[in-house]
A.B. asks: 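Pasting in a structure now, in structure tokens, and then I'll have a few things to ask.
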Amino acid sequence: MSKTFDHSKIEKKWQERWSVEKKHTIDLSDSENKLYMLVMFSYPSGDKLHIGHWYNYGPTDTWARFKKMQGFKVFEPIGFDAFGLPAENYAIKHGIHPAISTRNNIKYMTEQLQRIGAMYDWDKYLNTSDPDYYKWTQWIFLKLFEMGLAHREKAPVNWCPSCLTVLANEQVKEGSCERCGTTVEKKELSQWFFKITKYSDRLLAGLDEINWPKSTKMMQRNWIGKSKGTTVFYEVDGHDEKIEIFTTRVDTIFGATFIVLAPEHHVLDSITTDEQRNKVTEYVERTRERSEIERITNDREKTGIFTGSYAINPITLEKLPIWTSDFVLTGYGSGAIFGTPGHDQRDWEFATKFKLPIKQVIEPYNNEEVDLTKRVCSGEGVLINSGSYNGLDYKDAIVKITEELKSKGKGHHSVNYRLRDWLISRQRYWGAPIPIVYCESCGTVPVPEKDLPVLLPEDIDLEKNIGSESSPLAESESFVNTDCPKCGLKGRREVDTMDTFVDSSWYFLRYTNPQYSEGAWDSSLVNEWLPVDQYVGGQDHATMHLLYARFVCMALYDHKLLNFEEPFTNLYHQGIITNDGAKMSKSKGNVVSPDSFIDNYGSDTFRMYLMFMGPYDEGADWNDKGILGIHRFLNRVWRLCKGETAVKITEDSNKELSTAMHQTIKEVTKDLQDMRFNTAISRIMEYVNALYKVNNVNKDLLETLILILAPFAPHISEELWELFEHKSTVFEHKWPEWDEEIAKSLTITVAVQILGKLRGSFEIESGLTDDILVDNALKLPNIKKHMEGKTLLKSIVIKDKLVNFVVK
RNA sequence: GCCGGGGUGGCGAAACUGGUAGACGCAAGGGACUUAAAAUCCCUCGGUCGUUUAGACCAUGCGGGUUCGAGUCCCGCCCCCGGCACCA
């Protein structure tokens, strides 16, 4: 008979029992000792659940089970982020309605999720494409609209010609669509935005209050990009126009030799002289045709055209030629700069190219040689060639010059942000319709709450819509034509749907009661159970989902709908599981399915292997070579506990093993607390190895083993726990505690060094004085040998560890 | 270019606030059991030298430094991964 455990049978048995006995259904009405453990829900794609998902879900369940055993009331929900483009594209290709393909994918993926054996509370399951859910996504839109945080505006926006929709700034990476990699185009379109910029400072301040990875906080800070500086107003010689310029280095204003406007700048047209008009117009048009990626390519040579006009430097009253160039961005600051070519790399390149004068107005601190004909001198220093400001440190000069500008009414201190408003319109079908009606007499009218949800129309031929730049919803007459909720006359519905990041920016609130019909959530539950105590997911969402969710919660807080501002108190990012060094993705064809590993080895082995591969936040390159080792280990535990080895189970106690047991509990507890799963598993392995080395072990040693193994391998642990005649499940037993006294080793090994080089060691009981350790060390033959002919200058003793002799 | 993270055996990796580098596992080699194989159990396993032992020297990306002692701290480089990138 096989002596390996039957993982299929055991896992099936316990998963059924947990489900039947509702072990993971949490009654949220009592929030004492609550712990809300959240993982990022997944998109129900045709790829199904892959190893990357498992890497998120398996280890977090281990942590959750550990916390449950420590006495926390753990809430671990799961669901699907089910709206989105891939289902729609799939529909276009295969003629299957997104609702159907999504339902099929969810069905399959739910089965996969269940095989993990996680403590998911399936009663709280949700799906964002369900009308019962997106009704409330629309409701949140209305709340933001009420607050003036949702507005429609014509603006140059990012358009992905492959996805046939606009994208938020956050979804454009290096000028390309984050999803499909296609180069995005700039388009001037009327779109819906959420006013996230209004929360820039609070989004920054909140980061100090939450326990998030510092790299993620840094990414959000950089993304928000707050910079303090000065706004300067320039008069245009011979015109009424004023040019507003933002700078962080107003100290270099004496070195300004030209002004540059972005090609889209609103005064450009009116200040351009007749002689220059043709050239300027041509340049502006050429810029418009150039793609974003071309424009932002760093090594591109500077281009630009002189407008023929001059601006007056408000401090020096010098006349500065006004140019236009595409290196000045329209969306940042006011879309205009003053060029200080001596001290700014880009301005230097521009001045060099167009033979504009270059002036030095900063003397660098470190007296380095300055040759502005050869290279720029950026950085910090003291002012020169700056009139009465000469000799001032640049930092003081910034303050003083701004004061002068302010007194003359030519400027003031100001702050700029890189963050743009969140563009939420999508010209696609498979998303929540934006609940707005346009009426000729009433204008933009929000759909009343009682009329929600605005259901997605069914009568749409998605295939017909390919290539169209308008939303597929525009196809449906019955959807578009409606009565104005205000005046009752004819109106037209908004045809765009919402960015799916809106769906995911509040799902963690809905989890507390996804069936709730009185509102988006039951405040009595949400205000008790939120914020999320531990959130785990990939870092790729750092400046998207994780930023949007924070914004939405702050807005809802301001609307008095929530009693907290920050949704996720603690955040952790698991690393990425790559395959041949590349991230797993369908397009690369390197996705590894967990299914066959579950069939062959079981969930216990597989999840444990994922945790054993390396540090959880570092991820790993996928490799199934070591999975057998974990399987062997679980078998060793199985046989040991069943008494199928040479080690007999008796009543005898064993002092040494007892010490090992308490040490193991201590180390495993600490490692688990910090999600150091790999080392925790190593400790348990060492413990098992120690148990195998003796002739007999007692029940206490084994039961402790089962208890500390349980979060890692829940099914086999339950089975063994039952074998030891326990009625309740192992997870209802409390996590073992260690006794510091017993955990102390009786004997220790002391290393003996001479001048820091290891020359020997000896075993001795712990807790002895320095003198005794030195005496013992000096007795070692090898030490005597090395000490011959030398004088001992000093003995360094580290208690219970090491003796080092300094000799000459 | 700027901001994070990292570089340790054949491989995945350990090493708490500076204190025996390589725990644990994989792979490999040897042995026990077996008719045989699988499974299992035990042993060896960074490199060079040394007959085994004892031991010595070299080893944590590279070059310096601080220290009785450095994978760990400091200075200067190189490489890999992630993010931002003409942001004024």
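Just so it is clear: chains get the letters A, B, ... in the order the sequence lines come, proteins before strands, and each one is counted from 1.
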A.B. asks: Does any nucleotide pair with B:C84 by Watson-Crick or G-U wobble geometry, both distances under 3.5 Å, and what is it?
C.D. replies: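 When the pairing criteria are applied, B:G1 turns out to be the nucleotide that pairs with B:C84.
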A.B. asks: Ignoring hydrogens and angles, are the base of B:C84 and the side chain of A:K173 linked by a donor-acceptor pair under 3.5 Å?
C.D. replies: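 No.
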A.B. asks: For B:G9, decide between syn and anti, treating a glycosidic angle within 90° of 0 as syn.
C.D. replies: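 The base of B:G9 is oriented syn (glycosidic angle within 90° of 0).
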A.B. asks: When we call it a touch if two heavy atoms are under 4.0 Å apart, what does A:P615 touch: a base, just sugar-phosphate, or nothing?
C.D. replies: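 A:P615: backbone/sugar contact only, no base atoms under 4.0 Å.
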A.B. asks: Checking all strands, does A:G629 fall into the base, sugar-phosphate, or nothing category for heavy-atom contacts under 4.0 angstrom?
C.D. replies: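 Contact class for A:G629: sugar-phosphate only.
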A.B. asks: Give, for atom CD1 of A:I401 and atom CD1 of A:I315, the distance between the pair rounded to the nearest 0.5 Å.
C.D. replies: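 Between atom CD1 of A:I401 and atom CD1 of A:I315 there are 6.0 Å.
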A.B. asks: If B:G50 has a Watson-Crick or G-U wobble mate with both distances under 3.5 Å, name it; if not, just say none.
C.D. replies: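 Across all strands, not a single nucleotide pairs with B:G50.
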A.B. asks: Under 4.0 Å between a side-chain N/O of A:R676 and OP1 or OP2 of B:A15, yes or no?
C.D. replies: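 Result: no.
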A.B. asks: Rounding to an integer number of Å, can you tell me how far A:E686 CD sits from B:A15 P?
C.D. replies: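 Whole-Å distance recorded here is 12 Å.
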A.B. asks: How close or far is atom P of B:C3 from atom NZ of A:K226, stated in whole angstroms?
C.D. replies: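 From A:K226 NZ to B:C3 P: 21 Å.
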A.B. asks: Heavy atoms only, 4.0 Å cut-off, all strands: where does A:H786 land among base, sugar-phosphate and nothing?
C.D. replies: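 The residue A:H786 makes sugar-phosphate contact but no base contact.
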A.B. asks: Between the side chains of A:Y283 and A:T303, is a donor N or O closer than 3.5 angstrom to an acceptor N or O?
C.D. replies: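 A pair is found: one side chain offers a donor N or O, the other an acceptor, under 3.5 Å apart.
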A.B. asks: To the nearest Å, give me how far apart CG (A:D347) and P (B:A88) are.
C.D. replies: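 Result: 12 Å.
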A.B. asks: Compare side-chain N and O positions of A:K583 against OP1 and OP2 of B:C81 and report whether any pair is under 4.0 Å apart.
C.D. replies: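 No, outside the criterion.
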A.B. asks: Who is the Watson-Crick or G-U wobble partner of B:C62, with both distances under 3.5 Å?
C.D. replies: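 Pair assignment: B:C62 / B:G76.
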A.B. asks: Please report, rounded to the nearest Å, how far the P atom of B:C86 is from the CH2 atom of A:W348.
C.D. replies: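 Interatomic distance, CH2 of A:W348 to P of B:C86: 19 Å.
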A.B. asks: Pairing check on B:C41: which nucleotide meets the Watson-Crick or G-U wobble criteria with it, both distances under 3.5 Å?
C.D. replies: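 With both distances under 3.5 Å, B:C41 matches B:G31.
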A.B. asks: Hydrogens and angles aside, do A:Q663 and A:S745 bring a side-chain donor and acceptor to less than 3.5 Å of each other?
C.D. replies: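 Their side chains do contain a donor-acceptor pair, which is all the 3.5 Å distance test asks for.
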A.B. asks: Kindly say if A:R636 contacts the phosphate of B:C24, meaning a side-chain N or O under 4.0 Å from OP1 or OP2.
C.D. replies: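 No, because none of the side-chain N or O atoms of A:R636 sits under 4.0 Å from OP1 or OP2 of B:C24.
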A.B. asks: Contact class for A:K214 vs. all strands (heavy atom < 4.0 Å): base, sugar-phosphate, or nothing?
C.D. replies: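 The answer is sugar-phosphate, as A:K214 gets under 4.0 Å only of primed atoms, P, OP1 or OP2.
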A.B. asks: Would the A:F633 and A:F612 ring centres measure less than 6.0 Å apart?
C.D. replies: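 Judged by ring-centre distance (under 6.0 Å), A:F633 and A:F612 do not meet the cut-off.
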A.B. asks: Considering only atom C1', compute the distance from B:A27 to B:C75 and round it to an integer number of Å.
C.D. replies: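 Between the two C1' atoms, the distance is 41 Å.
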A.B. asks: Under 4.0 Å from OP1 or OP2 of B:C41: is there any side-chain N or O of A:T645 that close?
C.D. replies: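 No, outside the criterion.
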A.B. asks: For B:U60 and B:A21, measure between their C1' atoms and round to the nearest Å.
C.D. replies: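 These two C1' atoms come out 7 Å apart once rounded.
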A.B. asks: At under 4.0 Å, does any side-chain N or O of A:K757 touch on OP1 or OP2 of B:G55?
C.D. replies: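 Negative; the distance criterion is not met.
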A.B. asks: How about CG on A:N695, more than 12 heavy atoms from neighbouring residues, nucleotides or ligands closer than 6.0 Å, or not?
C.D. replies: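 Count not over threshold, so no.
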A.B. asks: Could you label the plane-to-plane angle of the A:F5 and A:H7 rings as parallel, tilted or perpendicular, counting under 30° as parallel and over 60° as perpendicular?
C.D. replies: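 Rings of A:F5 and A:H7: perpendicular, over 60°.
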A.B. asks: Does a nitrogen or oxygen in the side chain of A:R639 sit under 4.0 Å from OP1 or OP2 of B:C41?
C.D. replies: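 Checking B:C41 against A:R639, a side-chain N or O does come within under 4.0 Å of OP1 or OP2.
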A.B. asks: For A:N689 and B:G25, is the shortest distance between a side-chain N/O and OP1 or OP2 below 4.0 Å?
C.D. replies: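 Yes, because at least one side-chain N or O of A:N689 sits under 4.0 Å from OP1 or OP2 of B:G25.
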A.B. asks: What's A:N782 touching, base or sugar-phosphate or nothing? Going by heavy atoms closer than 4.0 Å.
C.D. replies: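 If one applies the 4.0 Å heavy-atom cut-off, A:N782 turns out to touch the sugar-phosphate alone, with no base involved.
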A.B. asks: Say we look at B:U8 and B:U67: how far apart would their P atoms be, to the nearest angstrom?
C.D. replies: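 To the nearest whole Å, 29 Å.
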A.B. asks: Just N and O in the side chain of A:R221: are any of them under 4.0 Å from OP1 or OP2 of B:C84?
C.D. replies: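 Answer is no, no contact under 4.0 Å.
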A.B. asks: For A:N678, report the nucleic acid contact type (base, sugar-phosphate, nothing); a contact means any heavy atom under 4.0 Å.
C.D. replies: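 Sugar-phosphate, backbone atoms only, no base.
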A.B. asks: Under 4.0 Å between any heavy atoms, over every strand shown, what does A:D344 touch: base, sugar-phosphate, or nothing? Just pick one.
C.D. replies: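 Answer is nothing: A:D344 stays at 4.0 Å or more from every strand.
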A.B. asks: Assign A:L802 to base, sugar-phosphate, or nothing according to its heavy-atom contacts below 4.0 angstrom with the strands shown.
C.D. replies: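 Base: the residue A:L802, judged by heavy atoms under 4.0 Å, touches a nucleobase.
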A.B. asks: For a quick test of reading the model, state the closest non-hydrogen atom pair linking A:D800 to A:I748 and the distance between them.
C.D. replies: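 Closest heavy-atom pair between A:D800 and A:I748: CA-CD1, 3.5 Å.
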A.B. asks: Tell me whether the OP1 or OP2 atom of B:A88 has a side-chain N or O from A:R418 closer than 4.0 Å.
C.D. replies: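 Result: no.
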A.B. asks: Would you say A:N222 places a side-chain N or O within less than 4.0 Å of OP1 or OP2 belonging to B:A85?
C.D. replies: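 No, outside the criterion.
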A.B. asks: Relative to the 5' end of RNA chain B, which residue comes earlier, A:K625 or A:S215, by the nucleotide with the nearest heavy atom?
C.D. replies: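 The 5'-side residue here is A:S215.
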A.B. asks: Could you say whether A:A620 or A:V750 is positioned toward the 5' end of RNA chain B, judged by the nucleotide with the nearest heavy atom to each?
C.D. replies: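 Result: A:A620.
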